[in-house]
J.: 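Pasting a structure below so you can have a look.
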There are 2 protein chains.
Amino acid sequence: MTQKQEQLSKNQQIVLSIIEKAKGPLKAYSILYNVQKRGIKAPLQVYRALDKLIEIGKIHKIESKNAFIACNNSECEISKATAFSICNNCEHVKEIKNTKLSKYLSNFQDNSGMKYKKYNLEFFGLCKNCKLKQ
Amino acid sequence: MTQKQEQLSKNQQIVLSIIEKAKGPLKAYSILYNVQKRGIKAPLQVYRALDKLIEIGKIHKIESKNAFIACNNSECEISKATAFSICNNCEHVKEIKNTKLSKYLSNFQDNSGMKYKKYNLEFFGLCKNCKLKQ
DNA sequence: CCTTAATTTGTTATAATATAACGTTTGTTA
DNA sequence: TAACAAACGTTATATTATAACAAATTAAGG
Ligand SMILES: [Zn+2]
Ligand SMILES: [Zn+2]
Ligand SMILES: [Zn+2]
Ligand SMILES: [Zn+2]
């Protein structure tokens, strides 16, 4: 039952492999240019694959950048709870794995007692490298 | 010194007033249609006003919706630390005011000890109304 | 007051991101 | 093997956002 994520379609596999090889988040049209040799010709083919990969937790969208990054956290397939660290200078993006943080946010209730099934958190600052260079 | 935020330009005032009157987040082109009577004719005029209003903390961008909402939290001008509650059903959006949460996130350090100057958190779930209706 | 810099404006064009609509093909399941 | 769901291919179009340039307005200092 937990092998559904392996049964990716051809286009889904192509798009995922590009994203997994990348050092950072990729934009949809950059993915498109990268996969045109492999037969994917139209934006919609990319977006459809992206939608599916997001749905099953293999990748995430960095909303502030309209870009897509491979998941680095095995629990994302279930939880849909994501947190990222983004460098304002070099644009380096890293998915944050932090059990305390994810527990804190998953259990968070607002003033009216509302609880949430899903969240996305984007932190901004300077990464180690960029801090040194300043 | 704390009166700079009052010295908005004409276009900035127009755009802000539309956003403040709205019940929920507005999209840039929806704002454009709403202000064409008042002399703003081009997207860029709206986007420039939006940029400024975001910079001074009067409004925020809901990244997952590409929409803009008036700030509901006097501390945002300084902190650039934002959190929202978003209903998946009716799309109702509310800025979360919660001192514990903002302190927790402002003080958060990742595994490498990196601290962040800015964050944006978007929670998704069902609002009270929509929960009842189910 | 005058001048100089900075900000804001107006305008046209275009870039970048994303989806609609349609019909076909492939894969699953009973 | 029929029936359904998922994925595909394709064209066109919608939506979101910025580039580039010149003019007008505003702020600040001498
Ligand atoms: Zn993940
Ligand atoms: Zn960096
Ligand atoms: Zn705010
Ligand atoms: Zn709702």
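Values in this document were obtained by computation on a predicted structure and should not be read as measured data. Protein chains get the first letters and strands the later ones, always in sequence-line order, with residue 1 at the start of each.
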J.: What is the distance, to the nearest angstrom, from the NZ atom on B/K52 to the C1' atom on D/dT18?
T.: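 The answer, rounded to whole Å, is 19 Å.
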J.: Between D/dT10, D/dA19, C/dT9, which nucleotide gets closest to the side-chain atoms of A/L44?
T.: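 Comparing D/dT10, D/dA19, C/dT9 against the side chain of A/L44, the answer is D/dT10.
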J.: Side chain of A/S9 only, please: which of C/dA18, D/dC8, D/dT10 is the nearest?
T.: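 Given the options C/dA18, D/dC8, D/dT10, the side chain of A/S9 is closest to D/dC8.
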J.: If you compare every side-chain N and O of A/K27 against the phosphate oxygens of C/dA15 (OP1, OP2), does one of them come in below 4.0 Å?
T.: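 Checking C/dA15 against A/K27, no side-chain N or O comes under 4.0 Å of OP1 or OP2.
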J.: Whole angstroms only, please: what is the CD-C1' distance between B/Q36 and C/dT9?
T.: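 Between C1' of C/dT9 and CD of B/Q36: 16 Å.
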J.: Rounded to whole Å, please give me the gap between CG in A/L32 and C1' in C/dT17.
T.: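 Interatomic distance, CG of A/L32 to C1' of C/dT17: 12 Å.
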J.: With distance as the sole criterion, is a donor-acceptor pair present between the side chains of B/R38 and B/S17 under 3.5 Å?
T.: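 Distance-only check passes for B/R38 and B/S17.
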J.: Looking at C/dT19, I'd like to know if its phosphate oxygens (OP1 or OP2) sit under 4.0 Å from a side-chain N or O belonging to A/Y47.
T.: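 For C/dT19, neither OP1 nor OP2 has a side-chain N or O of A/Y47 closer than 4.0 Å.
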J.: If only side-chain N and O atoms count, and only distance matters, is there a donor-acceptor pair under 3.5 Å linking B/E122 with B/S64?
T.: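 A pair is found: one side chain offers a donor N or O, the other an acceptor, under 3.5 Å apart.
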J.: Output the rounded distance in Å from CZ (B/R48) to P (D/dC21).
T.: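 Distance, rounded to whole Å: 14 Å.
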J.: Base, sugar-phosphate or nothing for A/K65? Non-hydrogen atoms, less than 4.0 Å.
T.: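 The residue A/K65 makes no contact with any strand.
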J.: Looking just at side-chain N and O atoms, do B/S85 and A/Y116 make a donor-acceptor pair shorter than 3.5 Å?
T.: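 B/S85 vs A/Y116: donor-acceptor pair found between side chains.
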J.: Find the partner of D/dA20: check Watson-Crick (N1-N3 plus N6-O4 or O6-N4) and G-U wobble (N1-O2, O6-N3) distances, both under 3.5 Å, and reply none if neither fits.
T.: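 D/dA20 is paired with C/dT11.
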J.: Just N and O in the side chain of A/K41: are any of them under 4.0 Å from OP1 or OP2 of D/dG9?
T.: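 No, outside the criterion.
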J.: For the pair made of CD in A/Q7 and P in C/dT28, what is the distance, rounded to whole Å?
T.: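 It works out to 7 Å between those atoms.
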J.: Using the closest heavy atom to pick a nucleotide of DNA chain C for each, name whichever of B/N66 or B/K10 lands nearer the 5' end.
T.: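 Result: B/K10.
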J.: Going by side-chain hydrogen bond (donor to acceptor under 3.5 Å, both in side chains), name the residues that satisfy it together with B/K65, two or more places apart in sequence or in a different chain.
T.: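 For B/K65, the residues satisfying side-chain hydrogen bond (donor to acceptor under 3.5 Å, both in side chains) (neighbours in sequence not counted) are B/E91.
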J.: Figure out the CG/C1' separation between B/L8 and C/dT7, and round it to whole Å.
T.: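 Taking atom C1' of C/dT7 as the reference, CG of B/L8 is at 13 Å.
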J.: What is the separation between atom CG on B/L53 and atom P on C/dT8, rounded to the nearest whole Å?
T.: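 In whole Å, C/dT8 P lies 10 Å from B/L53 CG.
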J.: Would you indicate which nucleotide in C/dG10, C/dT19, D/dG9 comes nearest to any side-chain atom of B/Q45?
T.: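 Among C/dG10, C/dT19, D/dG9, the one nearest the side chain of B/Q45 is C/dG10.
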J.: In whole angstroms, how far is the C1' atom of D/dT25 from the CG atom of B/N11?
T.: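 Those two atoms, CG and C1', are 12 Å apart.
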J.: Where the side chain of B/Y29 is concerned, which of D/dT11, D/dT16, C/dA18 is the nearest nucleotide?
T.: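 For the B/Y29 side chain, the nearest candidate turns out to be D/dT16.
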J.: Considering only NZ, NE, NH1 and NH2 on the basic side and carboxylate oxygens on the acidic side, decide whether A/D110 and A/K115 come within less than 4.0 Å.
T.: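 Between A/K115 and A/D110 there is no salt bridge, as every charged N stays at least 4.0 Å from the carboxylate O atoms.
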